[in-house]
**Student:** 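Dropping a structure here in structure tokens format, bear with me for questions.
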Amino acid sequence: MGPDPSFDPEAAEQALLRLPCIQLEGLFRRSSNYTFLVRLQETDADVEEGMLAVYKPAQGESPLWDFPTGTLYRREVAAYLLARFLGWPRVPPTVVREEAPHGVGAVQMYVEADPSVHYLSSDRRPSETWLPVAVFDVVTNNADRKSGHCLTDPGGRIWMIDHGLTFHVEPKLRTVIWDFAGLRPTRALKSDLERAAASLESGELATSLGELLARRELTALRRRVAAVLSPAYELPHPSSAWSVPWPPV
């Protein structure tokens, strides 16, 4: 399913940043960290109006032994900015909100989706849809690509969410998407990555991601992009049971 020509990611980003009132609608109970469904509005009186979003505050992040505390929300935004620059995969617009009910955090456009439809629930996994996701997860060093992080909206468009465990300096790839192990990225994907590599050196990505990631994390990202761009590069195979997140959905 191709992009929706009526969808304007920049307009969505501006709405996420501009709408001043954030009303808490509920809590996602199965999340590892505190994750809220919120409604962004012009005023408190706009009942049932406004924009639904997912809010992940920094102070709601559970402590981890390998990721610095209070950085997961920034990784969510960094993954979105990289995906937007590349043009793949489709990640909901995500911004940092400094002022929010529980403090600074990531606010992401809410995607309506059927939770029973995800990567592992379908026998059809076309490479044109999922190979870019597999490459993206290698480049971002995604440590938590569960099947349930792959959403399908009512229009059939597939969205990738939950990128808090990304951009670590050490190898952390854990994913359910191993169908493309041993394959090489397409020429089109490499062309996009070449643009990203240049931008990571002294361009838009160097600036925007430099505000969200540590310097050594940005250096590691550049190295992973360079590795994927090497002529003989093939997507990795799982190395152990640890290579698949638990639960997988």
**Student:** Nearest 0.5 Å, please: how far is CE in Met160 from CG in Asp162?
**Tutor:**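 Between atom CG of Asp162 and atom CE of Met160 there are 11.0 Å.
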
**Student:** Can you give me the closest heavy-atom contact between Pro236 and Ala181, atom names plus distance?
**Tutor:**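 Nearest pair, atom of Pro236 first, then Ala181: O-CB, 3.1 Å.
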
**Student:** Starting at CD of Glu76, measure out to CD of Gln108 and round the result to the nearest 0.5 Å.
**Tutor:**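 If I round to the nearest 0.5 Å, the distance is 6.0 Å.
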
**Student:** Heavy atoms only: give me the nearest Trp159-Met109 pair and the separation to one decimal.
**Tutor:**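 Where Trp159 meets Met109 most closely, the heavy atoms are CH2-CE, 3.8 Å.
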
**Student:** Can you tell me which residue among Val38, Leu40, Leu16, Val104 is in a side-chain contact (heavy atoms from CB on, under 4.5 Å) with Arg97?
**Tutor:**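 Among the candidates, only Leu40 passes.
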
**Student:** To the closest 0.5 Å, what do you measure between CG (Leu193) and CZ (Arg224)?
**Tutor:**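 So the gap between those two atoms works out to 12.0 Å.
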
**Student:** Pairing donors with acceptors under 3.5 angstrom, does anything connect the side chains of Ser116 and Asp114?
**Tutor:**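 Yes, because at least one side-chain N or O of Ser116 sits under 3.5 Å from a partner of the opposite role on Asp114.
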
**Student:** Check each of Asn142, Asp66, Asn141 against Lys172 using the side chain to side chain donor-acceptor pair (under 3.5 Å) test, and report the only one that passes.
**Tutor:**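 When side chain to side chain donor-acceptor pair (under 3.5 Å) is applied between Lys172 and each of Asn142, Asp66, Asn141, only Asp66 qualifies.
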
**Student:** Out of curiosity, does Phe36 fall in the hydrophobic cluster containing Val54 (side-chain heavy atoms, cut-off under 4.5 Å, transitive links)?
**Tutor:**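 The answer is no; the residues belong to distinct hydrophobic clusters.
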
**Student:** Taking C-beta and beyond as the side chain, do Leu221 and Leu205 meet within less than 4.5 Å on heavy atoms?
**Tutor:**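 No, every pair of side-chain atoms sits at 4.5 Å or beyond.
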
**Student:** Could you walk me through whether Gln41 and Leu19 satisfy the side chain to side chain contact (heavy atoms under 4.5 Å, CB included) test, starting with their C-alpha distance in whole Å, then the side-chain angles of each, then the deciding distance to 0.1 Å, before giving a yes or no?
**Tutor:** CA-CA 5 Å; Gln41 305 164 310; Leu19 292 170; 6.0 Å; no

**Student:** Taking side chain to side chain contact (heavy atoms under 4.5 Å, CB included) as the test, write out the residues that go with Ala78, two or more places apart.
**Tutor:**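 If we apply the side chain to side chain contact (heavy atoms under 4.5 Å, CB included) test to Ala78, skipping adjacent residues, the hits are Phe167, Leu209, Leu212, Leu213.
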
**Student:** Any side-chain heavy-atom pair from Val133 and Cys150 closer than 4.5 angstrom?
**Tutor:**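 The answer is no, as the side chains (C-beta and beyond) never meet within the 4.5 Å cut-off.
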
**Student:** If two hydrophobic side chains count as joined below 4.5 Å and joins carry through other members, does Leu37 share a cluster with Tyr34?
**Tutor:**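 Each belongs to a different hydrophobic cluster.
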
**Student:** Would you say CZ of Arg125 has more than 12 non-hydrogen atoms from neighbouring residues, nucleotides or ligands within 6.0 angstrom?
**Tutor:**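 For Arg125, atom CZ is crowded (more than 12 foreign heavy atoms under 6.0 Å).
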
**Student:** So how far is it from Asn33 CG to Leu165 CG, rounded to the nearest 0.5 Å?
**Tutor:**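 If I round to the nearest 0.5 Å, the distance is 7.5 Å.
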
**Student:** Which heavy atom of Pro93 sits nearest a heavy atom of Ala12, and at what distance?
**Tutor:**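 Taking every non-hydrogen atom into account, CG-CB, 3.7 Å.
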
**Student:** Verify the cluster assignment for Val96 and Leu72: are they in a single hydrophobic cluster under the rule of side-chain heavy atoms below 4.5 Å apart?
**Tutor:**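 Val96 and Leu72: separate clusters.
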
**Student:** Just wondering, do Arg90 and Phe7 contact through their side chains at under 4.5 Å, heavy atoms?
**Tutor:**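 No; the side chains remain at least 4.5 Å from each other.
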
**Student:** Is any side-chain heavy atom of Ser122 closer than 4.5 Å to one of Val117?
**Tutor:**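 Sidechains of Ser122 and Val117: no contact.
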
**Student:** Using the side-chain hydrogen bond (donor to acceptor under 3.5 Å, both in side chains) rule, take Trp130 and Asp179 through it: C-alpha gap first, then chi angles, then the decisive distance, then the call.
**Tutor:** CA-CA 9 Å; Trp130 296 107; Asp179 300 69; over 6 Å; no

**Student:** Can you confirm whether Pro238 sits close enough to Val244 that some side-chain heavy atom of one is under 4.5 Å from a side-chain heavy atom of the other?
**Tutor:**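 Result no, sub-4.5 Å side-chain heavy-atom pair not found.
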
**Student:** Are any of the side-chain heavy atoms of Tyr119 and Ile158 separated by less than 4.5 Å?
**Tutor:**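 Answer no - side chains too far apart.
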
**Student:** About how many Å separate CG of Leu131 and CG of Leu183, when rounded to the nearest 0.5 Å?
**Tutor:**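 Spacing of CG (Leu183) from CG (Leu131) equals 6.5 Å.
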
**Student:** Can you check side chain to side chain contact (heavy atoms under 4.5 Å, CB included) on Lys56 and His102, steps first, answer last?
**Tutor:** CA-CA 9 Å; Lys56 297 184 177 183; His102 294 290; over 6 Å; no

**Student:** Which heavy atom of Pro248 sits nearest to which heavy atom of Val176, and what is that distance?
**Tutor:**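 In terms of heavy atoms, the two residues are closest at O-CG1, 3.5 Å.
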
**Student:** Using only heavy-atom distances, determine whether the side chains of Thr71 and Arg75 contain a donor-acceptor pair under 3.5 Å.
**Tutor:**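 Present: a donor and an acceptor within the cut-off.
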
**Student:** Counting only heavy atoms from other residues, nucleotides and ligands, does the tally under 6.0 Å from CD of Glu112 exceed 12?
**Tutor:**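 Result for CD/Glu112: open.
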
**Student:** Taking only residues two or more places apart in sequence, or in another chain, which ones meet Glu194 in a salt bridge (charged side-chain N to carboxylate O under 4.0 Å, His left out)?
**Tutor:**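 Applying salt bridge (charged side-chain N to carboxylate O under 4.0 Å, His left out) to Glu194 gives none.
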
**Student:** Kindly state each residue pair satisfying salt bridge (Lys or Arg N to Asp or Glu O under 4.0 Å) with at least one member in residues 130-151, sequence neighbours excluded.
**Tutor:**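 Of all non-adjacent pairs touching residues 130-151, those that pass salt bridge (Lys or Arg N to Asp or Glu O under 4.0 Å) are Asp137-Arg145, Asp144-Lys146.
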
**Student:** Decide, yes or no, whether a salt bridge links Arg84 with Glu204 under the criterion of side-chain N to carboxylate O below 4.0 Å.
**Tutor:**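 Judged by the 4.0 Å cut-off on N to carboxylate O distance, Arg84 and Glu204 do form a salt bridge.
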
**Student:** Could you tell me the separation between the OG1 atom of Thr207 and the CD atom of Glu211, rounded to the nearest 0.5 Å?
**Tutor:**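 The distance works out to 7.0 Å.
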
**Student:** Can you tell if the side chain of Tyr80 reaches within under 4.5 Å of the side chain of His163, non-hydrogen atoms only?
**Tutor:**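 Contact flag for Tyr80/His163 side chains = no.
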
**Student:** If every non-hydrogen atom of Ala134 is compared with every non-hydrogen atom of Phe180, which pair is closest and at what distance?
**Tutor:**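 Minimum heavy-atom contact is CB-CD1, 4.3 Å.
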
**Student:** Which heavy atom of Val77 sits nearest to which heavy atom of Ala106, and what is that distance?
**Tutor:**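 So the minimum-distance heavy-atom pair works out to CG2-CB, 4.2 Å.
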
**Student:** Quick one: are Trp178 and Leu173 in side-chain contact, heavy atoms under 4.5 Å?
**Tutor:**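 They are in contact (side-chain heavy atoms under 4.5 Å apart), so the answer is yes.
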
